[in-house]
2 protein chains.
Amino acid sequence: METKPTRRGSKQKMAVLDATKRLSNHPTAEDIFFKAKEEIVSISFSTVYRNLGILVKEKELIPISGPGSEIHYDHVINNHCHIQCRVCGKVRDMNVPAVDFSGILPSDASGFTVDGVCVTFTGTCRDCQVETDTKGEQK
Amino acid sequence: METKPTRRGSKQKMAVLDATKRLSNHPTAEDIFFKAKEEIVSISFSTVYRNLGILVKEKELIPISGPGSEIHYDHVINNHCHIQCRVCGKVRDMNVPAVDFSGILPSDASGFTVDGVCVTFTGTCRDCQVETDTKGEQK
DNA sequence: ATTCATAATAGGAACTATTCCTAATATAAA
DNA sequence: TTTATATTAGGAATAGTTCCTATTATGAAT
């Protein structure tokens, strides 16, 4: 059968994807919610979460999780690394080659099948370095 | 034990560290709480969390965060990779060389200072593969 | 040993991110 | 138009973690 005319792209789902792309720098679900609200005022948080989950399964987005509890989303789906600021939680891309997990042997993974890898560096972003300096802190 | 208790290592803090070591395989705060309870019945969740935070700062433990929301803790503090099962959340060590971030240039990190890296592979552990097969699923 | 200042505690409330539930609505196919 | 089903908004529920507070334990100084 050819293209099944199902509801593959509801307005809300498209709004979620668009919002993520327009924000462009690893937004959280909350960021995406407010951005999508600009298009569809009535959109709800659960709709955002549900569609984010769907878009991740469809490989339109990748989730990034680091030391913070929030999940960030990236519409750039090629294999690359991220760095997250320990202070403010901000996430940025890194210009270092991503880990290639295609060569990982089953034995290396102690019985696991491997389907992905998430490389997240941690550190302090420029803004937060400045703030720390200003306060003369060091903890 | 009869060693003089100092402020630096309260009974509870030591119980938290011991529990993590005895569990040995990347326990969550909850796992550690119940294990530590075997030593100190009255220990509370907040004491576990507070001491886990302290132990991480003191570099006695490292926190592991992956696709799931829970933080796992590792008492093996040398640089190594982990793999987490998408289905059950289990974490295991990986026999692949860890990413060496000592050569990361500031320019690569777009103004960030880099202080660590977390490499977490994702996949499905043997147990969960079996369960999936049993159910005849494939998603 | 008693007093004192303070570090650490237990317990629980509060918080945050996320998931779940349900009745209502929108959509495509018949 | 009718029907079956996907999707929705809204809010309740959950899970993991942090925060708050009165109380207790500790080491130092008397």
Side-chain angles (χ1 to χ4, degrees), chain A residues 1-17 19-20 26-34 36-58 61 63-73 84 86-89 91 139, chain B residues 1-17 19-20 26-34 36-58 61 63-73 84 86-91:
Chain A
M1 62 179 91
E2 31 186 300
T3 340
K4 208 162 91 188
T6 59
R7 293 188 65 196
R8 276 286 150 91
S10 72
K11 256 188 305 187
Q12 285 85 351
K13 182 176 167 187
M14 286 303 110
V16 167
L17 184 55
T20 310
H26 318 93
T28 62
E30 192 182 14
D31 299 330
I32 295 164
F33 169 68
F34 285 115
K37 231 173 159 47
E38 292 176 6
E39 266 184 67
I40 302 177
V41 180
S42 65
I43 200 167
S44 71
F45 239 112
S46 49
T47 296
V48 169
Y49 273 108
R50 183 167 22 76
N51 282 307
L52 283 173
I54 292 167
L55 289 163
V56 167
K57 267 190 191 163
E58 293 175 358
L61 297 176
I64 308 163
S65 52
S69 50
E70 288 162 301
I71 300 170
H72 294 248
Y73 294 88
Q84 179 164 31
R86 281 190 196 279
V87 182
C88 66
V91 174
K139 73 167 161 183
Chain B
M1 53 182 87
E2 51 198 282
T3 34
K4 204 183 298 175
T6 74
R7 270 294 165 233
R8 282 284 153 87
S10 71
K11 257 189 304 188
Q12 285 83 351
K13 181 176 168 188
M14 286 303 110
V16 166
L17 184 55
T20 310
H26 319 94
T28 63
E30 191 182 15
D31 298 331
I32 295 164
F33 169 67
F34 285 114
K37 230 174 159 50
E38 292 177 6
E39 266 185 67
I40 302 176
V41 180
S42 64
I43 201 168
S44 70
F45 239 114
S46 49
T47 296
V48 169
Y49 273 109
R50 182 167 24 75
N51 282 306
L52 284 174
I54 292 167
L55 289 163
V56 166
K57 267 189 191 163
E58 293 175 358
L61 298 177
I64 309 163
S65 52
S69 50
E70 287 163 300
I71 300 170
H72 294 248
Y73 294 88
Q84 180 164 30
R86 282 190 195 280
V87 182
C88 66
K90 207 182 301 172
V91 175

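Small disclaimer: the values here were computed from a predicted structure and weren't measured.
Counting all heavy atoms, side chain and backbone alike, Ala19(B) lies closest to Ile32(B) at CB-O, 3.9 Å. Nearest heavy atom pair, residue Ala15(B) against residue Ala36(B), reads O-CB, 4.0 Å.
Across the helix from dA1(C)-dT30(D) to dA30(C)-dT1(D), the helix axis at one end is tilted relative to the axis at the other end by 20° (nearest 10 degrees, each axis from five pairs).
For the OP1/OP2 pair of dT8(D) and a distance below 4.0 Å, the side-chain nitrogens and oxygens of Ser10(A) include at least one atom meeting the criterion. The phosphate of dA9(D) has OP1 or OP2 within less than 4.0 Å of a side-chain N or O from Ser42(A). Of the side-chain N and O atoms in Gln12(B), one or more sit less than 4.0 angstrom from OP1 or OP2 of dA10(C).
Partners of Ile71(B) under the side-chain contact (heavy atoms from CB on, under 4.5 Å) rule, at least two apart in sequence or in another chain, are Pro63(B), Tyr73(B). Applying the side-chain hydrogen bond (donor to acceptor under 3.5 Å, both in side chains) criterion to Glu39(B), with sequence neighbours excluded, gives Arg22(B). Residues that satisfy the side-chain contact (heavy atoms from CB on, under 4.5 Å) test with Ser65(B), not counting sequence neighbours, are absent from this structure.
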Every protein N/O lying under 3.5 Å from an N/O of nucleotides 15-19 of chain C:
residue : atom : partner  : partner atom : Å
dA17(C) : OP1  : Glu70(A) : OE2          : 3.2
dT18(C) : OP1  : Ile71(A) : N            : 2.9
dT18(C) : OP2  : Tyr49(A) : OH           : 2.5
dT18(C) : O5'  : Tyr49(A) : OH           : 3.3

Can you give me every donor-acceptor pair (side chain of residues 40-47 of chain B, partner residue at least two apart or in another chain, under 3.5 Å) with its distance?
residue  : atom : partner  : partner atom : Å
Ser44(B) : OG   : Ser46(B) : OG           : 3.3
Ser44(B) : OG   : Thr47(B) : N            : 3.4
Ser44(B) : OG   : Thr47(B) : OG1          : 3.1
Thr47(B) : OG1  : Arg50(B) : NH2          : 3.1

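Atom NZ in Lys57(B) sits roughly 15 Å away from atom C1' in dA8(C) (whole-Å rounding). For the pair Ile40(A) CD1 and dT25(C) P, the computed distance is 17 Å after rounding to whole Å. Across the protein-nucleic acid pair, Leu17(B) atom CG and dA8(C) atom P stand 15 Å apart, rounded to whole Å. Note: NZ (Lys11(B)) to C1' (dA8(C)) measures 12 Å, nearest angstrom. Rounded to a whole Å, the CD1 atom of Ile43(A) is 6 Å from the P atom of dA9(D). Separating the CZ atom of Arg50(A) from the P atom of dG10(D) is a distance of 13 Å, rounded to the nearest angstrom. Taking atom NZ of residue Lys13(A) and atom P of nucleotide dA6(D), one finds them 13 Å apart after rounding to whole Å. Spacing between atom CG of Asp31(B) and atom P of dT17(D) amounts to 11 Å, rounded to whole angstrom units.
In this structure, the side chains of Glu58(B) and Leu55(B) come closer than 4.5 Å at one or more pairs of heavy atoms.
Between the side chain of His26(A) and the backbone N or O of His72(A), no donor-acceptor pair lies under 3.5 Å. A donor-acceptor pair under 3.5 Å links the side-chain atoms of Gln84(B) to the main chain of Gly89(B), judged by distance alone.
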